[in-house]
Amino acid sequence: MNFNAKNLQQMSNSVRANALRMILSAKSGHVGIVLDSAEIITTIFANHLRYGADKFIMSAGHGSALLYSVLKFAGYNIGDINSFRKINGLPGHPEINIDGVDATTGPLGQGIANSVGIALAQKIQKTKSWTYCLCSDGDLMEGISFEAMALAGRLQLNNLIVLWDDNGLSIDGTAQTDINVCARMRSMGWNVMSVNGNDISAIDSVLLRAKKSESPVFIQCKNILGRGSSLENSSFAHGLSLSESELLSLIVKNTSTDGENLWNTLSHTKIKQNTNTKIKLNEIKLPVVSENISTRDLSGIYLNELIKSGANLILGSADLSENTKVKVQNIKEITKDNFNGNFINYGVREHAMAAIMNGLASNGIKTVGSTFLVFSDYMRPAIRLSAMSKLPVIYVFTHDSICVGEDGPTHQPIEQLSSLRMIPNLNVYRPCNITEIAYTWNTAIQSTDSPTAIILSRQKFQQIQTPKNVDLSFGAYVIYPAKKRVKMTLLATGSEVPLAVLVASQFTNIQVVSVLNMNVFRNQTSKYKQKILYGCVIAIEAGSPNLWFEFADAVIGIDKFGTSGNATDIYREYGFDKDKIITEIKKYLK
């Protein structure tokens with residue numbers, strides 16, 4: 001049913017009062033958005049959003065109390081609202097594991113980019129659904145928002161409606177948004193509308209018009225922060241600056257039994273949508289590779305076989321697909337005229353790419369994005385949220401070491417690999433051969449609750465074969481056994497594995513362990529670790545050494561930025577040379 005303006009106002013008051021109760025109980029939260037945006041969110045949920053079909057993203061994640069309040073009234077099973085901001089209760093910012101919460105938000109701009117990904121997923125899946133997003137002035141100060149919105153405009157995602165809570169204020173005073181936000185949105189291909197954020201009839205009407213648009217819609221909702229409070233139109237209204245007595249007074253003022261009763265008449269019939277994307281993973285015969293080859297090329301070879309075998313993946317790149325080898329055969333680009341493709345050209349938008357992938361994954365699409373490893377720094381906030389949200393996206397990071405060579409230190413990753421390994425619930429693989437490549441891709445595709453980062457080389461190197469019947473699921477294994485009783489174990493990953501084997505081959509008592517996934521190996525039993533970590537343990541990896549000291553007695557790594565020059569010369573200069581390593585490890589052989 002559609003509620004009239006009077007009904008919607010009563011329902012908005014109930015939502016506002018309930019949200020204020022949550023903040024009062026928690027003695028923590030954000031009052032300003034609760035006071036100025038209850039009408040917006042109520043109108044969306046009461047008259048427009050179809051339960052189970054459409055999506056709502058609270059990009060202004062500090063408005064979580066407002067979101068939880070409306071979700072509770074709308075019939076979602078979110079648990080006890082009195083647990084707001086308390087241990088094991090409703091979190092201070094929205095998290096995707098809560099019924100009705102479609103994106104983990106709070107870091108500003110992430111929700112807008114997520115909503116672009118969700119709207120794109122709906123187009124790909126042909127679900128004929130809508131994505132609504134409520135954003136703040138703060139969201140529109142973050143560059144990721146316009147990265148993502150530019151892509152949405154190019155793809156003409158007319159199922160996406162973003163509503164801007166335009167109150168002109170942020171924590172430090174006047175909001176530092178562009179003076180011509182609306183003009184900027186029009187220039188990016190959006191249909192821009194404007195409305196009074198306190199006028200429920202106008203909000204309802206503009207949403208009806210928005211759903212008839214042929215382009216994504218951006219609605220400017222002119223608002224007053226902290227409306228109705230003593231801090232009305234003051235930046236201090238953003239957080240919890242009102243006294244307990246004033247909060248109680250506002251709760252009483254907005255409490256509406258009629259509003260609560262009207263919410264109970266809302267239809268809670270879930271509209272069934274098939275948003276599951278099935279992955280067909282057949283047995284693929286591994287190609288025999290004997291010559292020197294890069295792991296990015298090996299990855300491209302195996303990915304091509306996956307696509308040929310029917311793996312239903314949406315691939316993409318931040319303008320580097322030829323370099324990252326994700327633009328394999330049978331690729332068809334997704335465009336505004338055809339959403340039946342399997343490749344997204346994100347442009348040079350690494351941060352938006354990662355956040356849009358989160359939106360795609362949250363809607364059931366298995367998605368792959370790629371760029372150079374050093375540029376993972378641009379993506380880190382979104383990668384962190386994918387891990388927190390348990391979204392099984394796949395990141396392909398190539399050009400993984402100082403062997404990028406002539407491009408110099410700006411493009412040579414040092415600390416990035418360790419940085420990624422430190423993110424909880426992110427599976428980080430650095431494979432060294434086709435067997436490890438295949439295992440990594442198969443594991444990533446079958447993952448349901450963890451994102452995966454696949455770290456690959458640009459430079460070619462010798463292929464060391466994985467012994468038969470080795471279980472790669474332990475994260476590390478002996479790839480080169482010693483000829484006699486082991487006195488030393490060399491740990492290595494990726495392109496450093498053949499170097500470690502070359503060193504070990506000069507001795508009879510040194511073995512080499514390939515560490516495909518450090519975090520997986522960390523979680524193994526002490527018994528397994530002791531089984532393969534014999535004697536003195538030395539790690540060899542062309543990156544930051546710090547994390548290796550958990551397993552190793554000594555590390556041959558890099559703790560300074562690289563330099564420009566020939567890749568082979570740089571590799572040797574930084575200590576990754578057979579003779580230099582032999583000289584170093586002899587100090588530890590007894």
Side-chain angles (χ1 to χ4, degrees), residues 279-287 289 295 298-299 301-303 305-306 309 311 313 361 366 368 386-387 390-397 400 417-418 420-457 463-481 486 489-498 500-501 511-534 537 539-541 547-548 550-552:
I279 301 296
K280 299 176 182 177
L281 187 59
N282 301 331
E283 285 294 326
I284 299 174
K285 187 176 181 181
L286 296 183
V289 182
T295 47
L298 289 175
S299 174
I301 290 169
Y302 192 75
L303 179 58
E305 293 301 315
L306 280 172
S309 73
L313 302 172
K366 201 73 175 185
V368 178
S386 68
K390 299 182 179 180
L391 296 172
V393 299
I394 301 173
Y395 306 101
V396 173
F397 294 122
D400 68 352
L417 183 51
S418 289
L420 291 173
R421 285 171 174 155
M422 291 172 67
I423 298 177
N425 196 44
L426 175 64
N427 281 316
V428 182
Y429 293 90
R430 192 178 184 226
C432 74
N433 59 28
I434 190 63
T435 303
E436 292 189 359
I437 288 282
Y439 175 82
T440 296
W441 270 109
N442 291 352
T443 304
I445 285 174
Q446 294 175 87
S447 174
T448 58
D449 58 6
S450 298
T452 300
I454 305 175
I455 314 300
L456 305 168
S457 76
Q463 293 296 287
I464 305 298
Q465 302 303 318
T466 296
K468 292 183 179 180
N469 301 320
V470 167
D471 188 348
L472 299 186
S473 68
F474 289 107
Y477 64 96
V478 177
I479 194 170
Y480 180 85
V486 178
T489 297
L490 300 181
L491 305 179
T493 71
S495 54
E496 281 71 74
V497 169
V501 169
Q511 68 173 2
V512 177
V513 168
S514 175
V515 184
L516 176 59
N517 186 316
M518 179 187 283
N519 291 341
V520 169
F521 180 51
R522 174 181 293 116
N523 292 329
Q524 300 309 314
T525 63
S526 297
K527 182 179 180 181
Y528 181 75
K529 293 174 186 175
Q530 292 167 5
K531 179 182 176 182
I532 65 173
L533 299 180
Y534 276 108
V537 179
I540 304 173
E541 187 175 67
L547 296 182
W548 284 107
E550 177 181 348
F551 310 103

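Remember, predicted model here, so these are calculated numbers, not experimental data.
For the pair Thr443 (side chain) and Tyr439 (backbone), a donor-acceptor distance under 3.5 Å is present. Of the possible donor and acceptor atoms, none in the side chain of Glu541 sits under 3.5 Å from a partner among the backbone N and O of Leu491. No side-chain donor-acceptor contact under 3.5 Å links Lys366 to the backbone of Val393. The backbone N or O of Asn442 lies less than 3.5 Å from a partner atom in the side chain of Gln446, making a donor-acceptor pair. Between the side chain of Thr489 and the main chain of Tyr534, a donor-acceptor pair closer than 3.5 Å is present. Side-chain atoms of Glu305 do not come within 3.5 Å of backbone N or O of Ile301 as any donor-acceptor pair. Side chain of Ser457 to main chain of Thr295: a donor-acceptor pair is present (N/O by atom type, distance under 3.5 Å, no hydrogens or angles). Of the possible donor and acceptor atoms, none in the side chain of Asp449 sits under 3.5 Å from a partner among the backbone N and O of Leu391.
By the 4.5 Å heavy-atom criterion applied to side chains, Ile479 and Val513 are not counted as neighbours. Side-chain contact between Val289 and Leu298 is present, with at least one heavy-atom pair separated by less than 4.5 Å. Annotation: side chain of Thr466 is not in contact with side chain of Ser514 (no heavy-atom distance under 4.5 Å). Residues Tyr477 and Glu436 have side chains in contact (heavy-atom distance under 4.5 Å, counting atoms from C-beta outward). The shortest side-chain heavy-atom distance between Thr435 and Val470 does not fall under the 4.5 Å cut-off. Proximity of Val428 to Leu417: side-chain heavy atoms (C-beta onward) are separated by under 4.5 Å at one or more points.
A salt bridge links Arg430 with Glu496: the distance from a Lys NZ or Arg NE/NH1/NH2 to an Asp or Glu carboxylate oxygen falls below 4.0 Å.
The two atoms that bring Leu490 and Ala500 nearest to each other are CD1-O, 3.6 Å, heavy atoms only. Nearest heavy-atom pair across Leu426 and Ala453 is CD1-N, 4.1 Å. Taking every heavy atom of both residues into account, Leu306 and Trp441 meet most closely at CD1-CB, 3.9 Å. Of all non-hydrogen atoms in Pro431 and Leu456, the two that sit nearest each other are CG-CD2, 3.9 Å. Closest approach of Ala438 and Leu286 over heavy atoms only: CB-CD2, 3.4 Å. Closest of all the heavy-atom pairs between Asn425 and Ser450 is OD1-OG, 2.7 Å.
The side-chain contact (heavy atoms from CB on, under 4.5 Å) with Tyr429 is formed by just one residue from the set Ile455, Thr493, Val515, Thr440; it is Thr440.
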Exercise. Hey, mind stepping through Met422 and Leu547 against side chain to side chain contact (heavy atoms under 4.5 Å, CB included) and telling me if it holds?
Worked result: CA-CA 9 Å; Met422 291 172 67; Leu547 296 182; 4.0 Å; yes
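By the 6.0 Å contact criterion, NZ on Lys529 is enclosed, its count of non-hydrogen atoms from other residues, nucleotides or ligands being greater than 12.
Rounding to the nearest 0.5 Å places CG of Asn523 at 12.5 Å from CE of Met518. Distance CD1/Ile454 to CG/Asp400: 12.5 Å, rounded to 0.5 Å. One finds the CG atom of Asn517 at 8.5 Å from the OG1 atom of Thr452 (value rounded to the nearest 0.5 Å).
Every residue two or more places apart in sequence or in another chain that forms a side-chain hydrogen bond (donor to acceptor under 3.5 Å, both in side chains) with Ser386 is listed here: Tyr395. Shown here are the side-chain hydrogen bond (donor to acceptor under 3.5 Å, both in side chains) partners of Glu550, two or more places apart in sequence or in another chain: Arg522.
Using cut-offs of 30° and 60° for the angle between ring planes, the Phe521 and Tyr528 rings count as perpendicular.
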